[in-house]
There are 2 protein chains.
Amino acid sequence: MTRRIGIKDVAREAGVSAATVSLVLNDRSSHRIPAVTQERVRRVAAEIGYAPNTLARGLRTRQTRTIGFVSDRIATTPYAVRMIEAAQDAARANGHLLFLVNTGGDPELEREAIATLQAQQVDGFVYACMWHRAVDVPPTLPTGSVLLDARPVEGDFPAVVPDDRGGAVAAVQELVDAGHTRIAYVDIDEDPAPLASGLRLAGYLEVLERAGITPDPALHVRGESDAAGGREAASRVLELPADRRPTALFCFNDRIAMGAYAAARHHGMEIPTDLSVVGYDDQQLIAAELDPPLTTVALPHAEMGRWAVEVLLGARDRPSAEEGPVLMPCPLIRRDSVGPPPTRQQPGRRRA
Amino acid sequence: MTRRIGIKDVAREAGVSAATVSLVLNDRSSHRIPAVTQERVRRVAAEIGYAPNTLARGLRTRQTRTIGFVSDRIATTPYAVRMIEAAQDAARANGHLLFLVNTGGDPELEREAIATLQAQQVDGFVYACMWHRAVDVPPTLPTGSVLLDARPVEGDFPAVVPDDRGGAVAAVQELVDAGHTRIAYVDIDEDPAPLASGLRLAGYLEVLERAGITPDPALHVRGESDAAGGREAASRVLELPADRRPTALFCFNDRIAMGAYAAARHHGMEIPTDLSVVGYDDQQLIAAELDPPLTTVALPHAEMGRWAVEVLLGARDRPSAEEGPVLMPCPLIRRDSVGPPPTRQQPGRRRA
DNA sequence: TTGAAAGCGCTAACAG
DNA sequence: CTGTTAGCGCTTTCAA
């Protein structure tokens, strides 16, 4: 490979010193260099195709304009990927590059990743999870790192997580507003329960209470987090006697909602005529493709990803320390799976 | 921030020179340094928590052990993400780190990304697409870069793409082996047609020919690449007169297959009893969750991702130049949507 | 076997 | 205003 062209080459061609080139190319306005000189330097630099060596610069300035992005997985859903894309876009917008490392959640690998990244002199770390979790932050994670889709079990780190409770409120309120009073929560059955499960439950209960509806424990069911589990769990409430049967389902996620669709079909109910359904996650491959398209709550992955790097780079104010993680709003996405409750006496009909 | 500890600190503590430390820590066997000295240096280094500054090292050695990964998107399907995870894992296995940049396919951004990464002195580039495409490689992409899920329109770059034709062969052969002779290809309707569309068609026709089945043009239909499109397209063949109607569907992708399921249901057909279906992509959120679970063909994302960085880093032989892209096999994933063709005279029955 | 010295390409004081 | 000088932390001849 031929020698890379450096600042000296520019200096020689432009008839100035290397220092001047550096000054010009970095817009050091403190040293008012005459416009003509600047112009000449820039022209020469462009002509001979000069590009700074950021290693050398970083060595000197102790700033690399790179950030370490360590996450458990890259993504499990197509939407979570937005988190990374948005983070990368925000990094670029601020003149930074992202080192991506996924550790599979292995603490040993996390250690190693952090060490490697520190050796690279990254300017900061984003520590990301692909589900809203409470995490034991790796002890070697430097102060000032920011957590993405994760809240620290302990330690004082800026963190951003989805407002799961608020999202649930929006979802259930949508159902209440449509006139429903018997609303089931088809929860996820996982141990330990994900944070989102409890938060969404809280939102669900909050709306019921505000609407003066007494929660019926029989309407809170749990199933495996997939279509089969959702179908099974939804079936349980759909088989309740007519007077206790829900007219609407708030599902923990879209996959469960997908199962709920199957259960409804199996019970001869049509959506949204006989049964309204709201999901969560807005997984494009599911929510939009279900028949009818599913009303659901979107996770603000992109917003969170951007937030994290902007806070890290100081492009956005750090949240005041002791206020807990920032809650990013989860917008309700209205599609066609919510309608008014059916008029009495005709649930469970087969084709007319 | 307190001064970082460097090689000099180790040298001082160990009572040797910086050069010796470097020699020991880098296993320069040419300089046979006595075991005791080595031991002492290593111990001190560990004790005081020395970690090399890779910028300084890179500046000196002109090797950064980083690689630039530029892709159009990060991922559109949850599986494509495996490509990046696998690439990152392979990089780590070879002591490298990945700079991730997604450009949205914007040539201007690509230029910029390549320049920025070059300024970072990356050791090499992976240029990735999220669909199997023929790409105009950006003119500034250095020779030696490797293409991932993309074949160069021109230029000589190592490249790896899925063996779409082979995957289609496996899929359709599965159907033929089950006894089907009237097999439709529910293709994608997109302009320009993705490479995969034609390749899978070729595979489809190849199997038919080998099985002595004359292709019926009416059985090659196209629909939008989503469930609705798949449903609509599948309906068209399902509504053919009984003697021309297919008993099996080979779908361009799993979303279309999902629509085919809906169409089958709508026509009162059960899968796989009345109709067999095979998809493509093995999108976990769809394929495994459909009822019944979908037999499909998996895209070898992880294998391709690993291949790309291994070739880039020389951990695997470069394919000989003029042989075109490497075709990575697409394995058939057998689930429950394929069965023997129905015995005559009872398609379209409603519930018994 | 080890240390001294010379940079890698750049920035930042400090002179002039 | 601009050039000289002195490193950033490491590797690598070369000499001792």
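Computed from a prediction, not measured in an experiment: that's the story for all the values here. In what follows, every chain begins at residue 1, and chains take the letters A, B, ... in the order their sequences are listed.
- Each of Ser17(B) and Thr61(B) was matched to the nucleotide of DNA chain C holding its nearest heavy atom; the match closer to the 5' end belongs to Ser17(B).
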Below 3.5 Å, can you tabulate the donor-acceptor pairs from side chains in residues 108-117 of chain B to any protein atom, sequence neighbours excluded?
residue: Glu110(B); atom: OE1; partner: Tyr127(B); partner atom: OH; Å: 3.4
residue: Glu110(B); atom: OE2; partner: Tyr127(B); partner atom: OH; Å: 2.6
residue: Thr116(B); atom: OG1; partner: Glu112(B); partner atom: O; Å: 2.7

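- With rounding to whole Å, Gln121(B) atom CD is found 9 Å from dG9(C) atom P.
- Residues satisfying the side chain to side chain donor-acceptor pair (under 3.5 Å) test with Glu13(A), not counting sequence neighbours, are none.
- Straight-line distance from the CG atom of Leu23(B) to the C1' atom of dA4(C): 13 Å, rounded to whole Å.
- One finds no side-chain N or O of Arg60(B) lying less than 4.0 angstrom from the OP1 or OP2 phosphate oxygen of dT12(D).
- Computed from coordinates, the Arg57(B) CZ to dG9(C) P distance equals 18 Å when rounded to whole Å.
- Distances were taken from every side-chain heavy atom of Pro34(A) (C-beta onward) to each of dG3(D), dC1(D), dG9(D); the shortest belongs to dC1(D).
- Residue contacts shown for Ser22(B) include a base, since a base heavy atom lies under 4.0 Å away.
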Distance-only check: which donor-acceptor pairs under 3.5 Å involve side-chain atoms of residues 147-159 of chain A, not counting sequence neighbours?
residue: Asp149(A); atom: OD1; partner: His132(A); partner atom: N; Å: 3.3
residue: Arg151(A); atom: NE; partner: His132(A); partner atom: NE2; Å: 3.3
residue: Arg151(A); atom: NH2; partner: His132(A); partner atom: NE2; Å: 3.4

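- The ring pair (Phe, Tyr, Trp, His ring centres under 6.0 Å) analysis of residues 79-118 of chain A, with sequence neighbours excluded, yields the pairs Phe99(A)-Phe99(B).
- Across all their heavy atoms, Val126(A) and Ala308(A) have their closest contact at CG1-CB, 4.3 Å.
- Contact check, Arg28(A) against dT11(C): no side-chain N or O comes under 4.0 Å of OP1 or OP2.
- Note on Arg62(B): a side-chain N or O is less than 4.0 Å away from OP1 or OP2 of dG9(C).
- Here the P atom of nucleotide dG3(C) and the CZ atom of Arg12(B) are 14 Å apart, to the nearest Å.
- Within the nucleic acid shown, Thr54(B) has no heavy atom closer than 4.0 Å to any nucleic acid atom.
- What separates CG of Leu25(A) from C1' of dC10(C) is a distance of 12 Å, to the nearest Å.
- Note: CD1 (Ile7(B)) to C1' (dT12(D)) measures 11 Å, nearest angstrom.
- Here the closest non-hydrogen pair linking Leu195(B) and Arg133(B) is CD1-C, 3.8 Å.
- Note: CG (Asn53(B)) to P (dC8(C)) measures 18 Å, nearest angstrom.
- Residue Thr20(A) has a polar side-chain atom (N or O) positioned under 4.0 Å from OP1 or OP2 of dG3(D).
- When the C1' atoms of four end pairs are superposed on the next four at each end of the helix from dT1(C)-dA16(D) to dG16(C)-dC1(D), using five pairs per end, the two resulting axes differ in direction by 50°, to 10°.
- Of the side-chain N and O atoms in Asn26(A), one or more sit less than 4.0 angstrom from OP1 or OP2 of dT11(C).
- Whole-Å rounding puts the Ile33(B) CD1 to dG3(C) C1' distance at 11 Å.
- Under the rule for a side chain to side chain donor-acceptor pair (under 3.5 Å), the partners of Ser17(A) that lie at least two apart in sequence or sit in another chain are Thr20(A).
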